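All remarks here apply to the structure that follows.
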Amino acid sequence: MPTNQNANAQNEIAILKEVYAAINRNDIPAVLKLFDPEIERIEPEGFPSSGTYRGLEKIEAHFSQARATWAEGSCEPEQFFVSGDKIVVFVWVHVRLKDNPQWIDAHIADGFTFRNGKVIQMRTFVEKQQALDWAGIN
């Protein structure tokens, strides 16, 4: 029988799969429903929209603007790692931006924390090891 912690982690992983699916189909309202009103999104330096975004209104603008640059492609979650209240997702980014024939083909990591069944923090890491270190995973 799974422990409550395992059941919570499985539920949170299902939520994260839906976050990526909604982003990929450009359904920003569906993404927002999965986020806590006090959501914090952190993108690392060097990203086109690097910075920290707080609250649903800022997140909506951030995701809408970023997603509007895509011509085609997706961000596919490949692996999930759970450590206490943190989940790290290894993500394959395979996107072609508008007016650019070149594909972005990258492997990054996103880190998440939850509050009351909703994402309260989403951080992106260029290096997978940075995300694992953030979550305390060796």
Side-chain angles (χ1 to χ4, degrees):
M1 181 174 218
T3 65
N4 191 34
Q5 185 175 4
N6 287 342
N8 284 343
Q10 290 306 311
N11 184 53
E12 291 170 352
I13 288 170
I15 289 168
L16 295 177
K17 287 179 180 179
E18 180 52 32
V19 166
Y20 290 103
I23 290 169
N24 289 336
R25 67 178 182 268
N26 198 19
D27 187 353
I28 305 308
V31 175
L32 297 176
K33 288 179 184 176
L34 302 169
F35 286 175
D36 185 274
E38 296 179 13
I39 179 71
E40 178 182 66
R41 167 85 174 108
I42 302 169
E43 282 203 18
E45 286 186 32
F47 273 47
S49 53
S50 64
T52 301
Y53 305 86
R54 291 184 179 90
L56 290 175
E57 187 175 311
K58 298 277 189 196
I59 297 299
E60 180 178 21
H62 168 68
F63 274 110
S64 295
Q65 180 182 14
R67 188 57 180 80
T69 65
W70 294 18
E72 58 186 319
S74 64
C75 293
E76 297 296 333
E78 296 185 307
Q79 286 184 280
F80 296 85
F81 302 87
V82 179
S83 177
D85 67 342
K86 296 179 179 177
I87 298 178
V88 171
V89 184
F90 287 177
V91 182
W92 175 38
V93 178
H94 187 71
V95 174
R96 188 179 64 78
L97 301 179
K98 293 177 179 174
D99 301 322
N100 189 338
Q102 300 295 325
W103 282 84
I104 297 169
D105 193 25
H107 294 271
I108 63 167
D110 287 329
F112 295 89
T113 55
F114 282 78
R115 178 168 67 196
N116 300 323
K118 295 198 175 213
V119 176
I120 185 69
Q121 185 181 62
M122 177 182 183
R123 301 179 62 121
T124 296
F125 299 87
V126 176
E127 299 294 330
K128 292 177 180 179
Q129 189 60 51
Q130 292 174 322
L132 296 173
D133 292 344
W134 167 82
I137 299 171
N138 295 332

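No experiment lies behind these values; they were computed from the predicted model shown.
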- Do the rings of H107 and W92 sit parallel, tilted or perpendicular, given the 30° and 60° boundaries? parallel
- Message: Once you measure the plane-to-plane angle for F35 and F63, does it fall in the parallel (<30°), tilted (30-60°) or perpendicular (>60°) bin?
- Response: tilted
- Query: Going by the salt bridge (charged side-chain N to carboxylate O under 4.0 Å, His left out) test, which pairs reach into residues 89-98, not counting sequence neighbours?
  - Reply: E72-R96
- State whether a side-chain donor-acceptor pair under 3.5 Å links N6 with Q10. no
- Should V89 and Y20 count as side-chain neighbours, where that means a heavy-atom distance under 4.5 Å? yes
- Message: Strictly below 4.0 Å, N to O, side chains only: are R25 and E18 in salt-bridge contact?
- Response: yes
- Query: Should V82 and M122 be regarded as members of a common hydrophobic cluster, given that ILVMFWY residues are connected when their side-chain heavy atoms come within less than 4.5 Å of each other, either directly or indirectly?
  - Reply: yes
- Heavy-atom distance under 4.5 Å between the side chains of K17 and F80, does that happen here? yes
- Query: Linking I/L/V/M/F/W/Y whenever any side-chain heavy atoms sit under 4.5 Å apart, do F81 and I108 land together?
  - Reply: no
- Message: For a 4.5 angstrom cut-off between non-hydrogen side-chain atoms, does I23 reach W70?
- Response: yes
- Shortest non-hydrogen contact from W134 to F112? CH2-N, 3.6 Å
- Which pair of heavy atoms, one from V88 and one from A109, lies closest together, and at what distance? CG1-CB, 4.3 Å
- Message: So, taking the atom named CD in E57 and the one named CD1 in I59, what distance separates them when rounded to the nearest 0.5 Å?
- Response: 11.0 Å
- Item | Rounded distance (nearest 0.5 Å) linking atom CG of N26 with atom CD1 of I28 | 5.0 Å
- Query: Between L32 and L34, is there a shared hydrophobic cluster once you connect ILVMFWY residues whose side-chain heavy atoms come closer than 4.5 Å?
  - Reply: yes
- Without swapping roles, check the side chain of T69 against the backbone of A66 for a donor-acceptor pair under 3.5 Å. yes
- Message: Between K118 and K33 (side chain of the first, backbone of the second, donor and acceptor by atom type, cut-off under 3.5 Å), is there such a pair?
- Response: yes
- Message: Working to the nearest 0.5 angstrom, can you tell me the gap between F47 CZ and I42 CD1?
- Response: 13.0 Å
- Message: How close do Q129 and I137 get, counting heavy atoms only, and between which atoms?
- Response: NE2-O, 4.4 Å
- The single option from R123, E127, K128 that satisfies side chain to side chain contact (heavy atoms under 4.5 Å, CB included) with F125 is R123
- Value for CD1 (I87) from CG (D110), rounded to nearest 0.5 Å, stands at 12.0 Å
- For the pair R41 (side chain) and G51 (backbone), establish whether a donor and an acceptor sit closer than 3.5 Å, ignoring hydrogens and angles. no
- Query: In Å, rounded to the nearest 0.5 Å, how long is the span from CZ of R54 to CD of Q121?
  - Reply: 9.0 Å
- Item | Shared hydrophobic cluster, V31 / V91 (ILVMFWY, side-chain heavy atoms < 4.5 Å) | yes
- Query: Is N11 reaching over with its side chain to a backbone N or O of A7, donor-acceptor style, under 3.5 angstrom?
  - Reply: no
- Query: Where is the tightest heavy-atom contact between A135 and S83, given as atom of each residue plus distance?
  - Reply: O-OG, 2.8 Å
- Any chance NZ of K58 has more than 12 other-residue heavy atoms, nucleotides or ligands included, within less than 6.0 Å? no
- Which distance, rounded to the nearest 0.5 Å, do you find between the CD1 of I39 and the NE2 of H62? 10.0 Å
- Message: So does C75 get a backbone contact from the side chain of N24, meaning a donor-acceptor N/O pair under 3.5 Å?
- Response: yes
- Query: Can you check whether V119 reaches L16 side chain to side chain, under 4.5 Å on heavy atoms?
  - Reply: yes
